[in-house]
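For reference, the structure is listed below as structure tokens.
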Amino acid sequence: MGVGWRRFTERLHQGAPLHSSGGLQPTSNARCSTMLQEATGFSSQLRRCERAIRSMAAANSEAGNTIKLAMSAPLPARWEETAAGAGGAVGAPSPIGGPGFSGEVMARSFADAGNKLEIEVLAPLARWQEVHSQLGARFKELEDARLEVDSRRRTVADLSRRADGLRAHLGKGGDAKQEAALEATIKRLQHKEGKLQVATQSFMEREALLHRDLSTLLSDAAWLRHYAAAAFRLEGTALLTAAEAFGPLPSGASPPPASKMATTVGAPPATPPMAGGRVVAAAAAAEPRAAGFEQAEEPGTAAAAVHEAAAVHRRDNSGGLPPGTPAAQSPAPPMARYPVIEDQHGGGAGVGAHV
């Protein structure tokens, strides 16, 4: 009987009702099967995290490119009527981002973050998925070995019952033909028992190796939180570097509050003169000034937030965290968690030790 046919028939036996299986209890492979199911469930979560990280990086890069193009465009010009009536621009054109803006710095920040993200975060996650696929293939081979063991167990059990029946007939007075049949059955039984022992030993060794590698794979699943944190730190560093691409922002860079803009849009160009300018001076004194146009940024404004973030980034360019914080002291996740080793029984790749 060929190995393939033996496995096929044994699978049919084990899938049949209990009274048709011959009373044979299947060999257990429960722990590897359960652990592989756990790894498969985590693999689905890992794929979702990987897609989210790629989407986050792509969104930040797209935002950087869009803002870079907008900052490189010229400011809208203000026009005045001329004597000819055609109008003329007031002042020379200047880019929206100002003279200190560097589009190259902004583009390079997201490009560097994307490269580091691929090497330090996404590559280890892809390696985990690769090892999971390899272990899944090894589990299928282990299942085939288990079916072969059970098939040989069934053959040995059938031969043992046959030998016992022949002995019973000989005990009641058999002939030479039955003695020869018993001798041939015993020899074949011994041959099959030897093969069963070899198949069982091979199965046990494969099962132990797969259990070890699955245990390592599931233990390494805890590193996902480190890789997720590293992804946020890399993208956060890219955003802070992109903010520094605007150069030093003047104190008047803070935008006026929305209430100020709402009251000034559509207002007359100047206050009508009244009574020697006293009313004009009083109105000018009572009018609220745009926050930051004639003074330093107040806490809570957008410019103050940008300047504070840039200062934090300069203190610690690895992730925008000041030295001494718990996040800054946490060890970086390893970049190569799964060195491949040769499987002595299946030729497949195993999982290496912790780096």
Using the side-chain contact (heavy atoms from CB on, under 4.5 Å) rule, pick out the option among D150, V156, D158 that qualifies with R154.
->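 Among D150, V156, D158, the one that satisfies the side-chain contact (heavy atoms from CB on, under 4.5 Å) with R154 is D158.
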
So, R167 and D164, do they make that salt bridge, N to O below 4.0 Å?
-> yes

Using a strict 4.0 Å threshold on nitrogen-to-oxygen distance, state whether R127 and E130 make a salt bridge.
->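 Salt bridge: yes.
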
Distance (rounded to the nearest 0.5 Å) between [X] [atom1] and [Y] [atom2]:
| X | Y | atom1 | atom2 | value |
| --- | --- | --- | --- | --- |
| E207 | T27 | CD | OG1 | 10.5 Å |
| D144 | F139 | CG | CZ | 10.0 Å |
| L166 | K177 | CG | NZ | 11.5 Å |

Considering only heavy atoms from C-beta outward, does the side chain of D213 approach that of R138 to under 4.5 Å?
-> yes

Only distances under 3.5 Å count here; give the side-chain donor-acceptor pairs of residues 43-51 to other protein atoms, sequence neighbours excluded, each with its distance to 0.1 Å.
| unit_1 | atom_1 | unit_2 | atom_2 | d |
| --- | --- | --- | --- | --- |
| S43 | OG | R47 | NH1 | 3.1 |
| S43 | OG | Q129 | OE1 | 2.4 |
| S43 | OG | Q129 | NE2 | 3.4 |
| S44 | OG | T40 | O | 3.4 |
| S44 | OG | R47 | NH2 | 3.3 |

For the residue pair L210 and L142, what are the closest heavy atoms and their distance?
->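 Closest heavy-atom pair between L210 and L142: CD2-CD2, 3.6 Å.
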
Does M106 share a hydrophobic cluster with M71, counting links as ILVMFWY side-chain heavy atoms below 4.5 Å and allowing steps through other members?
->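 Yes, one cluster joins them.
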
Could you tell me which residues satisfy side-chain hydrogen bond (donor to acceptor under 3.5 Å, both in side chains) with E118, sequence neighbours excluded, listed by chain and number?
->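 With neighbours one apart ignored, the set is R54.
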
Hey, does the side chain of S151 reach the backbone of L147 with a donor-acceptor pair shorter than 3.5 angstrom?
-> no

Using salt bridge (charged side-chain N to carboxylate O under 4.0 Å, His left out) as the criterion, list what pairs up with [X], not counting sequence neighbours.
| X | value |
| --- | --- |
| E38 | none |
| K140 | none |
| R108 | E104 |

Using only heavy-atom distances, determine whether the side chains of Q197 and E193 contain a donor-acceptor pair under 3.5 Å.
->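 The answer is no; no qualifying pair exists.
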
Between side-chain atoms of residues 58-66 and protein atoms elsewhere (two or more places apart, or another chain), which donor-acceptor pairs fall under 3.5 Å?
| unit_1 | atom_1 | unit_2 | atom_2 | d |
| --- | --- | --- | --- | --- |
| N60 | ND2 | M56 | O | 3.4 |
| N60 | ND2 | E235 | OE1 | 2.8 |
| N65 | ND2 | S61 | O | 3.3 |
| T66 | OG1 | E62 | O | 2.9 |

For atom CZ of F232, decide whether the heavy atoms of other residues, nucleotides or ligands shown that lie under 6.0 angstrom number more than 12.
->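 Check fails, neighbour count at 12 or below.
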
